[in-house]
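Chain naming here is simple, since letters A, B, ... match the order of the sequence lines and numbering starts at 1 in each. Since the structure is predicted, the reported quantities are computational estimates derived from the model, not experimental observations.
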Amino acid sequence: MGGVPYAYEWRVSHHTQELQSQFGDLAAGEEVDLSVAIAGRILIRRVFGKLAFFTLQDETGVIQLYLDKKAIEAGMPEAENPFQQLKQLTDIGDILGVRGTIKRTEKGELSVYVQQFQILTKSLLPLPDKWHGLTDTEKRYRQRYVDLIVNPEVRQTFRRRAQITAGIRRYLEKLDFLEIETPVLQTEAGGAEARPFITHHNTLDMQLYLRIATELHLKRLVVGGFERVFEMGRIFRNEGISTRHNPEFTSIEAYMAYGDYMAMMELTENLMATVTEEVLGTLEVDYQGTTINLTTPWRRVTMHELVKEETGLDFTKFTSVAEAITAAAAIGLDLEDCPTLGNALNEVFEARCEAKLTQPTFVTDYPVEISPLAKPHRSKTGLVERFELFIVGRETANGFSELTDPIDQRARFELQAAKKAAGDLEAQGVDEDFLTALEYGMPPTVGMGMGIDRFVMLLTNSPSIRDVIAFPLLKSAD
RNA sequence: GGGUAACUAGCUCAAUGGUAGAGCAUCGGACUCUUAAUCCGUUGGUUCAGGGUUCGAGUCCCUGGUCACCCA
């Protein structure tokens with residue numbers, strides 16, 4: 001005791017939750033002569049003259065400490081007035097190690113009957129009000145460590161996030177998928193339509209981009225002979241920030257040779273349902289007051305059907321963009337800027353359908369114009385074999401039979417490059433090396449990408465993406 | 001990008017244009033079964049920043065900042 005406010009170690013025998021469950025049915029007033037050692041942060045202090053109650057929190061939960069003057073003096077005979085020191089030197093927020101036995105107090109609170117204690121770390125800053133806690137959103141995100149200390153549900157969210165990512169990996173590995181890491185720093189940011197972050201390598205004196213997708217490298221691996229690959233990792237998009245968008249977020253992309261988009265829809269729903277069941281123990285998920293039912297199979301509907309269902313517009317009947325624009329105007333939609341029929345269809349879909357897709361729904365058969373990496377539909381001209389998964393009106397996953405024809409792929413890239421040259425900041429350039437890979441031959445392959453953060457939001461009932469990212473990007477405070 | 005609202009003590013919040021406050025936390029004291037312990041006392045402020053109106057601004061006006069929500 002005394003003098004060393006920052007200790008080196010404390011041998012812990014139990015965590016609070018273990019004790020709470022192990023002695024859950026101990027009767028009030030009963031004691032158990034089991035010696036335990038625990039450690040944690042002092043959350044609340046209730047101090048009397050010769051008796052004190054602390055609430056101690058460790059990673060798993062909380063337990064009360066029963067601090068009796070006589071017991072502590074008996075347990076720490078070399079110390080001088082140890083109980084007095086305990087009262088004077090400890091504060092809310094300090095990390096304390098204790099050894100003692102188990103006792104449920106007469107008032108019924110399971111406690112550690114402390115014989116010895118040591119201040120392991122002194123806290124110099126006061127914790128937020130124990131009753132009101134920390135509610136200021138900005139402070140919660142900027143000082144997540146404080147948020148984690150005082151809001152147990154925040155710890156639960158990140159614990160659950162870890163279970164989800166572990167569950168996804170376990171599921172895919174069981175299906176013989178191999179996780180391979182691909183470059184974050186790239187000379188050309190491709191694989192998606194998004195503005196990239198630009199950075200610079202000093203010794204090579206080279207402009208580099210942070211990846212906006214993992215797609216093109218994973219497909220190179222498929223060319224190389226890995227039939228089932230995936231990568232779960234951070235990607236970066238230099239776009240706006242909202243409750244659904246953080247500039248860096250986590251995606252998983254998985255590629256499976258010899259499968260098509262139908263197979264991948266099945267894999268995706270089974271993967272998500274399995275992980276949900278593992279983590280929540282149910283497929284009925286409450287999200288912000290709405291029950292989302294993840295029981296498979298999920299609804300599959302083509303974009304054409306859905307648009308017709310919601311708006312009455314039958315895009316299979318239109319022969320030109322002009323016709324579509326006129327018809328859309330009649331229902332109050334301005335599509336003047338749409339260059340092609342496919343763009344117009346997508347525009348109507350985004351404006352009128354997306355938000356209504358509350359229950360999990362695979363929207364299929366997208367226009368080729370907005371899908372530069374997807375294989376043409378085997379029976380519908382102008383469309384590709386693609387799906388997007390919507391849950392709670394949010395795009396949560398995206399997959400397609402991969403375009404494997406290098407000539408077609410070059411033409412699609414060139415269209416993109418033309419848009420880029422015309423000033424479209426989200427268009428991608430021609431990735432010559434990727435085309436070379438395709439020229440060596442890529443087996444028929446299906447790929448899928450999923451937004452991990454959005455899936456975690458769903459399973460943790462989090463309204464904002466910032467609630468599932470430990471340290472979300474915020475503007476600098478000053 | 002547009003709109004709305006918030007910003008005051010460490011935390012949660014008050015304060016008709018007229019002396020900046022409360023609870024908890026801090027600090028000191030009393031107290032051997034508390035659960036937001038209780039009781040007595042104490043400390044604590046660039047009212048987000050900068051300008052303006054006014055005898056006087058936390059309050060009204062303008063500009064900016066951050067966060068939140070809604071819309072695009």
Side-chain angles (χ1 to χ4, degrees), chain A residues 16 20 26-31 41-57 61-74 81-84 86-94 100 102-115 122-152 154 195 238-246 288 332-337 347-348 350-352 354-355 393 425 462-467 469 471-478:
Chain A
T16 58
Q20 294 286 7
L26 195 66
E30 260 193 89
E31 296 184 27
R41 193 181 294 274
I42 301 170
L43 279 194
I44 307 176
R45 277 163 35 101
R46 294 177 291 275
V47 180
F48 298 79
K50 293 170 184 163
L51 179 69
F53 301 94
F54 288 6
T55 301
L56 197 76
Q57 170 174 274
V62 296
I63 197 162
Q64 177 170 274
L65 304 182
Y66 182 93
L67 301 147
D68 174 277
K69 184 168 188 281
K70 283 182 189 157
I72 286 173
E73 282 173 355
N81 291 325
F83 187 78
Q84 189 66 18
L86 177 81
K87 287 206 296 181
Q88 284 187 343
L89 298 179
T90 63
D91 285 305
I92 287 176
D94 291 352
I102 300 297
K103 167 193 175 83
R104 189 176 291 280
T105 61
E106 284 161 30
K107 295 288 167 66
E109 186 71 35
L110 186 69
S111 309
V112 172
Y113 192 170
V114 176
Q115 275 122 37
K122 190 70 199 155
S123 170
L124 300 180
L125 294 171
L127 284 180
D129 187 294
K130 64 193 165 198
W131 185 243
H132 298 100
L134 182 70
T135 58
D136 183 282
T137 337
E138 182 178 355
K139 204 151 288 178
R140 285 188 45 224
Y141 296 147
R142 286 195 196 280
Q143 294 185 275
R144 183 70 90 180
Y145 37 89
V146 180
D147 190 27
L148 287 164
I149 291 168
V150 300
N151 293 321
V154 177
R195 292 183 66 174
N238 205 338
E239 296 169 344
I241 299 179
S242 77
T243 49
R244 293 173 295 282
H245 301 87
N246 194 63
Q288 306 292 303
L333 274 177
D334 176 15
L335 303 184
E336 290 294 339
D337 294 335
E347 199 69 26
V348 177
E350 287 186 356
R352 293 293 169 87
E354 266 191 28
L425 295 167
S462 299
S464 169
I465 196 169
R466 290 183 179 134
D467 296 323
I469 293 175
F471 302 100
L473 185 68
L474 299 172
K475 285 198 196 175
S476 59
D478 34 50

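- To the nearest angstrom, P of U26(B) lies 14 Å from CG of Leu89(A).
- Out of C33(B), U66(B), U12(B), the shortest distance to the side chain of Glu138(A) is found at U66(B).
- Straight-line distance between the C1' atoms of U53(B) and G17(B): roughly 12 Å, to the nearest whole Å.
- When distances run from any side-chain atom of Lys70(A) to the nucleotides U12(B), U32(B), C67(B), the shortest one goes to U32(B).
- U32(B) is unpaired under the Watson-Crick or G-U wobble criterion, no partner having all donor-acceptor distances under 3.5 Å.
- To the nearest 0.5 angstrom, Arg104(A) atom CZ is 10.5 Å from Gln64(A) atom CD.
- Using N1 to N3 plus N6-O4 or O6-N4 for Watson-Crick, or N1-O2 and O6-N3 for G-U wobble, each under 3.5 Å, U12(B) pairs with A22(B).
- In this structure, Lys130(A) reaches the sugar-phosphate backbone alone: every heavy-atom distance under 4.0 Å involves primed, P, OP1 or OP2 atoms, never a base.
- Across C61(B) and A5(B), the matching P atoms stand 11 Å from one another, rounded to whole Å.
- With hydrogens and angles disregarded, no donor-acceptor distance shorter than 3.5 Å links the side chain of Ser462(A) to the backbone of Ser464(A).
- Counting only heavy atoms from C-beta on, Pro126(A) has its side chain closest to G10(B) among G10(B), C31(B), U12(B).
- Judged by Watson-Crick or G-U wobble contacts below 3.5 Å, the nucleotide G56(B) has no partner.
- A 3.5 Å limit on both hydrogen-bonding distances identifies no Watson-Crick or G-U partner for G44(B).
- Separating the C1' atom of G50(B) from that of G58(B) is a span of 16 Å, rounded to the nearest Å.
- Note: CG (Asp147(A)) to C1' (G10(B)) measures 16 Å, nearest angstrom.
- Atom CG in Leu333(A) sits about 11 Å away from atom P in A72(B), given to the nearest Å.
- Contacts of Glu30(A) classified as salt bridge (Lys or Arg N to Asp or Glu O under 4.0 Å), with partners at least two apart in sequence or in another chain: none.
- Here the side chain of Asp94(A) pairs no donor or acceptor atom with the backbone of Ile42(A) at under 3.5 angstrom.
- Residue-level contact check: Lys139(A) touches the backbone only, with heavy atoms under 4.0 Å from sugar-phosphate atoms and none from bases.
- Across all strands shown, the partner of A6(B) is U66(B), judged by Watson-Crick or G-U wobble contacts whose two distances both fall under 3.5 Å.
- Nucleotides A49(B) and A57(B) have their P atoms positioned 15 Å apart, rounded to a whole Å.
- Set against U32(B), A68(B), C33(B), the side chain of Glu106(A) has C33(B) as its closest nucleotide.
- Sequence order on RNA chain B of the closest nucleotides to Arg46(A) and Gln88(A) puts Gln88(A) first from the 5' end.
- Considering only residues two or more places apart in sequence or on other chains, Asp129(A) meets the salt bridge (Lys or Arg N to Asp or Glu O under 4.0 Å) condition with none of them.
- Among the heavy atoms of the strands, none lies under 4.0 Å from Val150(A).
- Annotation: A25(B) and G10(B) have their P atoms spaced 16 Å apart (nearest Å).
- Residue Ser111(A) is out of contact with every strand shown, counting any heavy-atom pair closer than 4.0 Å.
- Checking Tyr141(A) against Asp147(A) by side-chain atom types alone, no donor-acceptor pair falls below 3.5 Å.
- Among the atoms of the strands shown, none is found under 4.0 Å from any heavy atom of Thr55(A).
- Heavy atoms of Gly133(A) sit under 4.0 angstrom from primed sugar atoms or phosphate atoms, though from no base atom.
- Between the side chain of Tyr141(A) and the base of C67(B), no donor-acceptor pair under 3.5 Å is found.
- Between His245(A) atom NE2 and A72(B) atom C1' the separation is 13 Å, expressed in whole Å.
- Comparing C7(B) with A14(B), their P atoms sit 8 Å apart, to the nearest whole Å.
- For Asp129(A) and G10(B), a side-chain-to-base donor-acceptor distance below 3.5 Å is absent, hydrogens and geometry of angles not being considered.
- Rounded to whole Å, atom P of C11(B) lies 14 Å from atom CD1 of Ile149(A).
- The P atoms of G51(B) and U59(B) are separated by 14 Å, rounded to the nearest whole Å.
- The CG atom of Leu43(A) sits 13 Å away from the P atom of A25(B) (whole-angstrom rounding).
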> Would Asp91(A) and Arg45(A) satisfy salt bridge (charged side-chain N to carboxylate O under 4.0 Å, His left out), going step by step from the backbone distance to the final call?
Replying inline: CA-CA 8 Å; Asp91(A) 285 305; Arg45(A) 277 163 35 101; 5.4 Å; no
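- The structure places CZ of Arg140(A) at 9.0 Å from CG of Leu148(A), a figure rounded to the nearest 0.5 Å.
- Residue Arg45(A) is the one, among Arg466(A) and Arg45(A), whose nearest nucleotide of RNA chain B lies closer to the 5' end (criterion: closest heavy atom).
- One can place NZ of Lys475(A) at 8 Å from C1' of U66(B), the figure rounded to the nearest angstrom.
- Taking 4.0 angstrom as the limit, Thr135(A) places a side-chain polar atom (N or O) nearer than this to OP1 or OP2 of U12(B).
- To the nearest angstrom, C1' of U32(B) lies 11 Å from NZ of Lys69(A).
- The residue Ile44(A) sits close only to the backbone: its heavy atoms come under 4.0 Å of sugar-phosphate atoms, none of a base.
- For the C1' atom pair drawn from U35(B) and A15(B), the interatomic distance equals 33 Å after rounding to whole Å.
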